[in-house]
Amino acid sequence: PGPSGRGQPSRFLLELAGEAPVDGQARELPPLTFSELRARLPAGRGRNQREVELRLQRGYLATSAEGMSSPDATLDYERCLELSLDIPNAPNMVSTLTAMWGHYVSRADLPHARQVTATLQSLISGDWGAFWRPQNIASFAMIDWFEGDFNRAHEQLQVSIDSLFD
């Protein structure tokens with residue numbers, strides 16, 4: 001199995017499914033795939049949200065071990081996006097899109113990175129999104145920088161810095 005832990009026994013998945021012992025005593029646990037986890041949980045947004053949370057964590061681990069262009073992380077992040085589309089006001093949508101942005105930028109896929117940034121911008125337009133706005137503006141600036149538009153990048157970064165103090 002790779003650094004992402006695919007194919008390993010997963011106590012964490014069983015705990016989330018409510019099937020691992022909570023008394024702290026260890027026991028031998030069988031491997032559990034996402035398909036098996038999905039089969040054990042009732043269908044619905046809660047199950048999808050739980051899978052998103054797990055896939056984000058596994059994607060972060062794969063990225064830490066293999067780098068931003070990890071194929072394992074890519075698959076997990078794409079599945080997170082797919083699942084999040086069915087969850088209104090998905091709490092992990094920002095995390096999913098941020099991870100995907102990092103993946104696209106590391107591969108110099110700037111059109112997709114810009115598309116993800118624009119999607120994020122539309123999601124955080126309400127009051128609840130104020131926390132993420134400076135970072136979102138800065139992500140546009142970074143893309144501008146990588147594309148060689150240094151003046152636009154400078155302007156965007158200044159707007160981002162100014163928005164920290166609004």
Side-chain angles (χ1 to χ4, degrees), residues 1-41 45-87 89-121 123-124 129 131-147 153 157 160:
S4 62
R6 283 178 166 66
Q8 294 292 322
S10 178
R11 178 181 177 83
F12 184 65
L13 289 176
L14 284 174
E15 286 174 359
L16 286 174
E19 297 184 16
V22 291
D23 60 6
Q25 292 191 359
R27 70 175 186 186
E28 188 65 30
L29 298 174
L32 184 65
T33 66
F34 279 109
S35 297
E36 292 167 334
L37 175 65
R38 288 182 65 80
R40 291 176 186 222
L41 297 173
R45 291 182 180 139
R47 178 179 73 182
N48 288 352
Q49 182 59 35
R50 186 164 293 174
E51 184 175 344
V52 168
E53 292 165 1
L54 292 170
R55 285 184 181 276
L56 279 173
Q57 289 180 14
R58 188 170 74 173
Y60 297 147
L61 289 172
T63 298
S64 296
E66 300 169 353
M68 288 301 293
S69 60
S70 164
D72 289 336
T74 302
L75 294 173
D76 279 333
Y77 294 149
E78 287 173 352
R79 179 69 176 142
C80 287
L81 183 59
E82 182 182 315
L83 290 167
S84 294
L85 294 175
D86 292 338
I87 306 169
N89 302 315
N92 287 314
M93 181 64 85
V94 171
S95 298
T96 298
L97 290 171
T98 301
M100 292 181 76
W101 181 89
H103 168 76
Y104 289 136
V105 167
S106 71
R107 291 179 166 230
D109 187 350
L110 301 181
H112 277 110
R114 190 173 294 278
Q115 181 181 12
V116 166
T117 301
T119 302
L120 272 167
Q121 188 176 45
L123 289 174
I124 62 173
F131 174 80
W132 287 289
R133 267 188 223 111
Q135 295 90 329
N136 182 255
I137 296 168
S139 66
F140 275 117
M142 290 177 68
I143 295 168
D144 289 336
W145 179 272
F146 293 140
E147 290 175 339
L157 285 172
S160 176

Notebook entry, point to check: Taking all non-hydrogen atoms of both residues, which atom of Ala73 and which atom of Gly59 are closest, and how far apart?
Noted result: CB-O, 3.6 Å
Item checked: Approximate separation, where rounding is to 0.5 Å, of Met142 CE and Ile137 CD1 -> 14.5 Å
Checklist line | Gln49 and its side chain to side chain contact (heavy atoms under 4.5 Å, CB included) partner, picked from Asn92, Leu83, Leu54 | finding: Asn92
Checklist line | Contacts of type salt bridge (Lys or Arg N to Asp or Glu O under 4.0 Å), residue Arg79, not counting sequence neighbours | finding: Glu51, Glu82
Note to self: Looking at every heavy atom in both Ala141 and Leu157, which two are closest together, and how far apart are they?
What the structure shows: CB-CG, 3.5 Å
Next item on the list: Please tell me if the side chains of Tyr77 and Leu56 come closer than 4.5 Å, counting only heavy atoms from C-beta onward.
Entry: yes
Margin query: Can you list everything that forms a ring-ring contact (aromatic ring centres under 6.0 Å, His included) with Phe140? Sequence neighbours excluded, please.
Written below: none
Item checked: CZ-CD distance between Arg50 and Glu53, expressed to the nearest 0.5 angstrom -> 7.5 Å
Next item on the list: Calculate, to the nearest 0.5 Å, the distance between atoms CG and CG belonging to Leu81 and Asp76 respectively.
Entry: 12.5 Å
Check: Looking only at heavy atoms, which two atoms of Val116 and Leu97 are closest? And how far apart?
Finding: CG1-O, 3.1 Å
Check: Going by the angle between their ring planes, with limits at 30° and 60°, are His112 and Tyr104 parallel, tilted or perpendicular?
Finding: parallel
Notebook entry, point to check: Got Met93 and Cys80 here, is their nearest side-chain heavy-atom distance under 4.5 Å?
Noted result: no
Notebook entry, point to check: Closest approach of Pro134 and Ser160, non-hydrogen atoms and distance?
Noted result: O-OG, 2.6 Å
Notebook entry, point to check: OG1/Thr63 to CZ/Arg58 distance, rounded to the nearest 0.5 angstrom?
Noted result: 11.5 Å
Check: Only one of Thr117, Asn136, Thr119 forms a side chain to side chain donor-acceptor pair (under 3.5 Å) with Trp101, so which one is it?
Finding: Thr117
Check: Is Ser70 reaching over with its side chain to a backbone N or O of Gly67, donor-acceptor style, under 3.5 angstrom?
Finding: no
Next item on the list: May I have the step-by-step check of side-chain contact (heavy atoms from CB on, under 4.5 Å) for Val94 and Trp132, ending in yes or no?
Entry: CA-CA 9 Å; Val94 171; Trp132 287 289; 3.6 Å; yes
Next item on the list: Start with the C-alpha distance between Glu78 and Met100, add both sets of side-chain angles, then the distance that settles side-chain contact (heavy atoms from CB on, under 4.5 Å), and finish with yes or no.
Entry: CA-CA 8 Å; Glu78 287 173 352; Met100 292 181 76; 4.2 Å; yes
Notebook entry, point to check: Any idea which heavy atoms bring Met68 and Ala99 closest together, and the distance?
Noted result: CE-O, 4.4 Å
Notebook entry, point to check: Considering all heavy atoms of both residues, which atom of Ala113 and which atom of Val105 are nearest to each other, and what is their separation?
Noted result: CB-CG2, 3.7 Å
Next item on the list: Kindly compute the distance separating CZ (Arg55) from CG (Asn48), expressed to the nearest 0.5 Å.
Entry: 10.5 Å
Next item on the list: For Glu147, enumerate each residue passing the salt bridge (Lys or Arg N to Asp or Glu O under 4.0 Å) test, keeping only those at least two apart in sequence or located in another chain.
Entry: Arg114
